[in-house]
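For reference, the structure is listed below as structure tokens.
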Amino acid sequence: MTTTTPPLIVEPEVSSRRLKAQLRAQDAKTKLSSPWASGLAVLIAVLWTIPTFGLLINSLRADPGPTSSGWWNFFGSPYGFTFTNFSKAWNGNGGQPLSQFILNSVVITLPAVVIPIVLALLAAYAFAWIEFPGKNILFVAVFVMQVVPIQVALIPLNTAYVNFGLSTSFWSIWLSHTIFGLPLAIFLLHNFMKEIPGSLIEAARVDGAGHVRIFLQVLMPLLVPAIASFGIFQFLWVWNDLLVALTFSGDNTRPITAGIQSLTTQFGQQGNILPAAAILAMLVPLAVFLSLQRFFVRGLLAGSVKG
Amino acid sequence: MTDQQTRPAPAPVVPSPPGARSGPRRGLSVTAIVVWVVILAVIVALIWASWKPRGSGYLYNAQNQHGWFVNAIFNPQSWGQKLLVMVIAILLFVAIMAVILWVIDRPRVPNGVVIAGFLGPVVIALTVGLLWSAVKTIIQSFQKFDSAGNATGWTGFANYGKVFTSNNTAMLVNTVLWIFLVPILATVVGLVYAVLVDRTRFEAGAKALIFLPTAISMVAASVIWRYVYYQPSAGNRPQVGLLNALWNVVGGTPQNWITKYPTATFALIVVMIWIQAGFAMTVLSAAIKAVPDDIIEAARIDGATGMRLFWSVTIPTIRPTMVVVLTTVAIASLKTFDIVNVMGGNLPKNNILANAFYNASAVQQNGLAGAYAVLIFIVVTPVIIFNVRQMRKADSIR
């Protein structure tokens with residue numbers, strides 16, 4: 001189900017791109033000269049940005065701030081500008097501190113990204129470059145597993161974790177994210193591995209390299225962009241996940257999404273730190289988004305059906 | 001089933017394992033059989049352990065006394081312990097992987113063992129974690145459960161019957177609204193915006209603005225929209241929510257947008273559209289840029305311009321991609337529970353299928369939750385099959 005997306009963003013060849021640019025420049029002249037068109041574009045952009053902008057303003061307002069009036073009152077109003085909401089949110093303001101949730105998110109995310117990628121790389125290598133009986137059936141089985149919604153697996157997994165004494169520990173969350181990430185990871189990395197020219201691997205084999213050396217020294221360097229794309233996708237998926245977090249985490253292991261979710265159910269004084277907390281929760285995905293946009297878009301496109 | 005058919009398969013480059021220097025290794029070997037039997041045994045043991053009644057606590061039981069190290073591993077409390085358990089987990093994983101790679105890199109290792117090394121961990125994880133879990137969920141959807149979540153016998157289709165009762169009418173209607181309105185409107189907005197900003201000076205920045213909501217969590221998105229839909233303020237106090245303030249300006253009576261039916265469902269759907277439009281815009285923008293120039297040029301020579309060019313050339317060319325976007329967003333809308341969970345105030349009238357699943361699973365109603373999960377599965381599967389076919393079509397066009 002993800003086959004088309006990588007080709008979709010394959011960039012056109014340079015010569016045709018230049019030609020295209022000329023043609024489209026001509027095209028653009030006719031198109032955006034219409035004031036209606038530009039007006040509509042600006043309108044959509046404003047509509048899409050205003051809610052986030054409002055949250056940002058609210059996070060910077062001093063008490064009684066966000067719970068007493070709209071964020072637009074910030075401009076020319078008695079309510080001042082302050083950063084204390086952020087430090088209050090970080091320290092909990094009487095509740096559980098956000099710093100704990102963020103630590104939990106970090107502790108959850110790193111293994112939950114590394115483990116499925118490594119396992120999927122191994123499996124993808126076997127599917128791409130080793131011949132063995134039953135390979136196609138096994139590969140199709142893995143491919144089909146992408147269809148399974150994670151809801152279908154949650155309750156039995158939870159029972160298993162309870163039986164092993166792992167429920168509410170980080171282990172249950174790591175294992176779950178690994179399991180749910182694997183089918184897509186194998187499929188994507190396999191597609192990339194298949195595109196590496198066979199002559200390269202043949203040459204390494206002639207030099208006497210075994211599977212492990214081919215895997216580590218020949219393929220791995222070539223796969224860095226693919227790993228980055230899937231890695232970023234998996235990273236954001238885990239960081240932004242709420243379902244697995246609510247199902248498997250406990251008081252000591254709750255990640256930032258579950259922390260914000262529980263903040264939304266508390267009113268009163270916590271209402272004033274909620275915008276700052278949400279902004280803090282958004283910082284990591286936004287940093288990834290802004291710095292690694294190219295990989296990010298590629299990974300998101302490729303993995304958009306997960307879940 | 002996948003790319004093997006769409007793309008000529010490369011010649012099998014590695015016909016035999018590294019040990020091939022010392023003679024061919026095809027066929028069965030005792031070691032390989034033993035390794036695969038061990039993998040099978042692990043799978044069976046895990047399934048058996050998970051099948052037993054809840055609460056055995058094989059590895060860790062919080063009620064018992066443990067040393068600080070065991071407690072740190074299974075129930076970390078402090079910063080240091082959490083970081084420690086993370087480092088241990090990664091080191092443990094690296095060590096296991098190193099052992100596996102070391103073993104299969106020995107000379108004269110049978111092919112079966114090499115394959116077991118590369119595929120064994122994944123086979124165990126997916127067989128137990130996904131395949132078995134899915135089967136067990138299907139089984140559980142036909143069972144009765146006590147309040148502690150233990151199965152107490154069979155109940156036929158009673159759990160499915162509970163889903164389709166009059167209490168759930170709003171939930172079912174909402175689900176249908178979600179899986180149709182979100183993809184259609186997100187695609188329309190995304191397509192219009194992609195066309196409008198295509199090849200303009202501000203394209204990258206303009207796209208980033210719309211794409212931003214796709215990057216953040218749906219929980220954060222729900223908090224963002226909270227300050228749009230905020231409940232009306234009492235008396236003459238200023239409105240907190242943007243929508244009520246605007247509503248006031250145009251002369252409406254401020255209202256609670258996320259508690260009234262069906263306004264609330266549409267309000268929540270708007271949030272999902274806000275999130276998904278960026279995805280639709282990005283994919284469709286790539287498709288628009290990939291429309292072959294010769295087609296456009298030919299249409300231009302025939303005298304097509306502006307809207308005509310768009311409707312009769314661009315749209316038909318990107319139609320397969322549009323279908324993929326529509327179905328992908330539809331699936332996401334069906335599976336997503338975050339927005340309804342965070343913003344819906346747990347009101348039955350705001351509910352959707354995925355959130356109904358979560359609510360049932362949170363209170364150990366495994367049978368009912370299983371029925372919800374199976375329904376999600378049943379709805380998703382044909383859509384994804386359709387999606388895969390469309391993607392293959394989209395691939396072959398290019």
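Per chain, numbering begins at 1; letters A, B, ... match sequence-line order. Note that the coordinates shown come from a computational prediction; the quantities given were computed from them, not determined experimentally.
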*Rounded to the nearest 0.5 Å, how far does CD1 of A/Ile130 lie from OH of A/Tyr125?*
5.5 Å

*asked:* For B/Val135, which atoms come within 4.5 Å of any heavy atom of chain A: side chain, backbone, both, or neither?
replied: neither

*With a 4.5 angstrom heavy-atom cut-off, could you sort out which part of B/Ile115 is near chain A: side chain, backbone, both or neither?*
side chain

_Residue A/Ala45 versus chain B: region with a heavy atom under 4.5 Å_ = both

*asked:* Using a 4.5 angstrom heavy-atom cutoff, name the option from A/Leu243, A/Ile260, A/Thr49, A/Thr247 with the most pairs to chain B.
replied: A/Leu243

*asked:* Counting heavy-atom pairs under 4.5 Å with chain A, which one of B/Val189, B/Ile376, B/Val380, B/Leu126 comes out on top?
replied: B/Leu126

*For the residue pair A/Trp71 and A/Phe53, is the inter-centroid distance of their aromatic rings smaller than 6.0 Å?*
yes

*asked:* Suppose we screen for side chain to side chain contact (heavy atoms under 4.5 Å, CB included). Which residues come up paired with A/Val118, at least two apart in sequence or across chains?
replied: A/Val114, B/Phe93, B/Met97

*Keeping the roles fixed (side chain from A/Asn240, backbone from B/Ala215), state whether a donor-acceptor pair exists under 3.5 Å.*
yes

*Side chain / backbone / both / neither for B/Trp102 at chain A, heavy atoms under 4.5 Å*: neither

*About how many Å separate OG1 of B/Thr127 and CE of A/Met145, when rounded to the nearest 0.5 Å?*
6.0 Å

*Proximal component of A/Leu286, with respect to chain B [non-hydrogen, under 4.5 Å]*: side chain

*Side-chain heavy atoms of A/Ser99 within contact of B/Trp79, under 4.5 Å*: yes

*With only heavy atoms counted, which part of A/Pro275 is less than 4.5 Å from chain B, the side chain, the backbone, both or neither?*
both

*Measure B/Ser233 against the heavy atoms of chain A and call it side chain, backbone, both or neither at under 4.5 Å.*
neither

*For the candidates B/Asn341, B/Val123, B/Leu242, B/Thr381, which exhibits the highest count of non-hydrogen atom pairs separated by less than 4.5 Å from chain A?*
B/Leu242

*What part of B/Trp274 is in contact with chain A, defined as an atom under 4.5 angstrom from a non-hydrogen atom: side chain, backbone, both or neither?*
both

_Per-residue contact mode, B/Ile73 against chain A (heavy atom under 4.5 angstrom)_ = both

*Straight-line distance of A/Leu55 CG to B/Ile216 CD1, nearest 0.5 Å*: 8.5 Å

*Looking at A/Asn58, A/Ile50, A/Leu236, which one has more heavy-atom pairs under 4.5 Å with chain B than the rest?*
A/Asn58

*Sort out for me which of A/Ile108, A/Val106, A/Thr253, A/Asn104 touches chain B most, counting heavy-atom pairs under 4.5 Å.*
A/Asn104

*Which answer fits A/Leu138, side chain, backbone, both or neither, if we ask what part of it has an atom under 4.5 Å from a heavy atom of chain B?*
side chain

*To the nearest 0.5 Å, how far apart are CG in B/Leu212 and CH2 in A/Trp48?*
13.0 Å

*Report the distance from atom CZ of A/Phe180 to atom OG of B/Ser133, rounding to the nearest 0.5 Å.*
7.5 Å

*Which bit of A/Leu154 comes within less than 4.5 Å of chain B, counting heavy atoms only: side chain, backbone, both or neither?*
side chain

_Below 30° counts as parallel, above 60° as perpendicular, anything between as tilted: where do the rings of A/Trp171 and B/Phe74 land?_
tilted

*Contact part of B/Val228 toward chain A, heavy-atom cut-off under 4.5 Å: side chain, backbone, both or neither?*
side chain

*Go through B/Gly370, B/Ala221, B/Ala362, B/Gly241 and name the one with the most non-hydrogen pairs under 4.5 angstrom from chain A.*
B/Gly241

*When rounded to the nearest 0.5 angstrom, what is the spacing between NZ in B/Lys82 and CG in A/Leu103?*
5.5 Å

*Hey, can you tell me if A/Phe215 and B/Phe118 have their rings parallel, tilted or perpendicular (30° and 60° cut-offs)?*
perpendicular

*Toward chain B, the part of A/Trp174 with a non-hydrogen atom under 4.5 Å*: side chain

*Contact part of A/Thr178 toward chain B, heavy-atom cut-off under 4.5 Å: side chain, backbone, both or neither?*
neither

*asked:* Please identify which of these residues, B/Tyr372, B/Tyr358, B/Phe357, meets the ring-ring contact (aromatic ring centres under 6.0 Å, His included) condition with B/Phe337.
replied: B/Tyr358

_Top of A/Gly54, A/Pro116, A/Pro111, A/Ala278 for chain B proximity - count of heavy-atom pairs under 4.5 angstrom_ = A/Pro111

*What residue in A/Ile279, A/Leu246, A/Leu121 has the most heavy-atom pairs under 4.5 Å with chain B?*
A/Leu246

*Under a 4.5 Å heavy-atom cut-off, does chain A meet the side chain of B/Ile90, its backbone, both or neither?*
side chain

_Selection from A/Val152, A/Leu290, A/Asp241 maximising heavy-atom pairs under 4.5 Å formed with chain B_ = A/Val152

